[in-house]
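Here is the structure we will look at, set down as structure tokens.
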There are 2 protein chains.
Amino acid sequence: MTEKVQVDENGKLKCSIEYTLNKVGGKWKLVILWHVMVDGTKRYNEMRRLLPGITHKMLSQQLKELEQDGLIIRTQYNEMPPKVEYSISEKGLTLKHVLEAMHAWGTEQGG
Amino acid sequence: MTEKVQVDENGKLKCSIEYTLNKVGGKWKLVILWHVMVDGTKRYNEMRRLLPGITHKMLSQQLKELEQDGLIIRTQYNEMPPKVEYSISEKGLTLKHVLEAMHAWGTEQGG
DNA sequence: CTGGATCCCGAGGGATACTG
DNA sequence: CAGTATCCCTCGGGATCCAG
């Protein structure tokens with residue numbers, strides 16, 4: 001089978017896998033998306049507990065990027081103390097197959 | 001080869017997504033696997049051409065890790081000049097759903 | 001042709017303190 | 001509670017040369 005090859009503005013070959021990795025690659029984003037998709041809405045500190053080892057800096061950075069890409073929804077309640085909730089968006093749900101496939105593979109291969 | 005894995009208090013992997021990312025995360029591995037799965041067997045320099053921007057160091061490193069994890073097969077022909085071919089393994093084929101899902105998402109979202 | 005070995009730099013990310 | 005700001009440093013990865 002021959003796949004459709006995409007070319008960027010520099011004339012370099014680009015494939016859809018690379019596009020996906022650019023959006024949700026890295027160490028944290030897919031894990032974050034998996035949790036908010038499966039477990040539902042989560043608050044900031046709940047996310048921290050779900051991601052052992054992540055720092056403030058990385059968590060807020062990743063969450064911000066995911067929100068700017070429209071993959072998660074950030075809801076802020078103007079209360080004291082502050083309360084912010086993160087949930088999966090419609091667009092984020094389009095990653096369902098990717099996440100399920102990766103989860104299935106990890107479960108099978110990793111035991 | 002595989003970096004530090006996060007485990008919970010029972011010594012089990014935190015989540016399967018993380019296991020998968022530990023095996024095939026990073027910038028190159030899934031793209032490499034995609035190419036050898038879809039396009040078939042590839043030689044070293046063919047791989048370089050398929051991955052604009054990758055360096056010798058990174059390509060040989062990633063190929064070695066993928067081979068050690070049993071996801072690709074390295075076949076060396078004792079000729080002059082040297083000839084080495086990389087192909088997808090049975091185990092590598094188990095990532096088919098992951099790769100297809102990511103390719104589909106990138107195609108839809110990226111245009 | 002297919003890599004390995006080395007040197008080296010800078011950005012990515014950790015730790016911590018601070019703020020609304 | 002939910003982040004920001006800052007400092008600091010490691011180490012991922014680029015460039016280059018070497019080897020079978």
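Every chain is numbered from 1 and lettered A, B, ... according to where its sequence line falls, protein lines coming before strand lines. Quantities reported herein were computed from a predicted structural model and do not represent experimental measurements.
Remark: C1' of dC1(C) and CE of M80(B) are 8 Å apart, rounded to the nearest angstrom. Atom pair N78(A):CG and dC1(D):P shows a separation of 18 Å (rounding to whole Å applied). Distance CG (L63(A)) to P (dG13(C)): 15 Å, rounded to an integer number of Å. Straight-line distance from the NE2 atom of H56(B) to the C1' atom of dG12(D): 18 Å, rounded to whole Å. Between the NZ atom of K27(B) and the C1' atom of dC11(D) there is a distance of 16 Å, given to the nearest Å. To the nearest angstrom, P of dC1(C) lies 16 Å from NZ of K42(B). In this entry the distance linking CE of M47(A) with P of dC1(D) reads 16 Å, nearest Å. Look at CD1 on I54(B): it is 12 Å from P on dG3(C), rounded to the nearest Å.
As judged by a 4.0 angstrom heavy-atom cut-off over every strand, R48(B) is placed among residues making no nucleic acid contact. P81(A) comes within 4.0 angstrom of the backbone, heavy atoms only, and of no base. Y86(A) comes within 4.0 angstrom of sugar-phosphate atoms only, judged by non-hydrogen atoms across all strands, and of no base.
Residue K64(B) has no polar side-chain atom (N or O) positioned under 4.0 Å from OP1 or OP2 of dG3(C). OP1 or OP2 of dG14(C) has at least one side-chain nitrogen or oxygen of T55(A) nearer than 4.0 Å. Using a 4.0 Å cut-off, no side-chain N or O of R43(A) falls inside it from OP1 or OP2 of dC1(D). For the pair K57(B) and dT16(D), the criterion of a side-chain N or O lying under 4.0 Å from OP1 or OP2 is not met.
At a threshold of 4.5 Å between non-hydrogen side-chain atoms, the residues H56(B) and R48(B) count as touching.
Closest to the P82(B) side chain, of the nucleotides dA2(D), dG3(C), dG20(D), is dG20(D). The side chain of N45(B) lies closest to dT2(C), out of dG20(C), dT2(C), dG3(D). Of the listed nucleotides (dG3(D), dG14(D), dG14(C)), dG14(D) has the atom at the smallest distance from the side chain of M58(B).
Between W105(A) and Y19(B), the ring-plane angle classifies as tilted under the 30° and 60° cut-offs.
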Worked verdict on V98(A) versus V98(B) for side chain to side chain contact (heavy atoms under 4.5 Å, CB included): CA-CA 6 Å; V98(A) 172; V98(B) 171; 5.7 Å; no
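V36(B) and L59(B) fall within the same hydrophobic cluster, where Ile, Leu, Val, Met, Phe, Trp and Tyr residues are linked whenever their side-chain heavy atoms come under 4.5 Å apart, directly or through other members.
Of the charged side-chain nitrogens involved, none lies within less than 4.0 Å of a carboxylate oxygen, so that E85(A) and K42(A) do not count as a salt-bridged pair.
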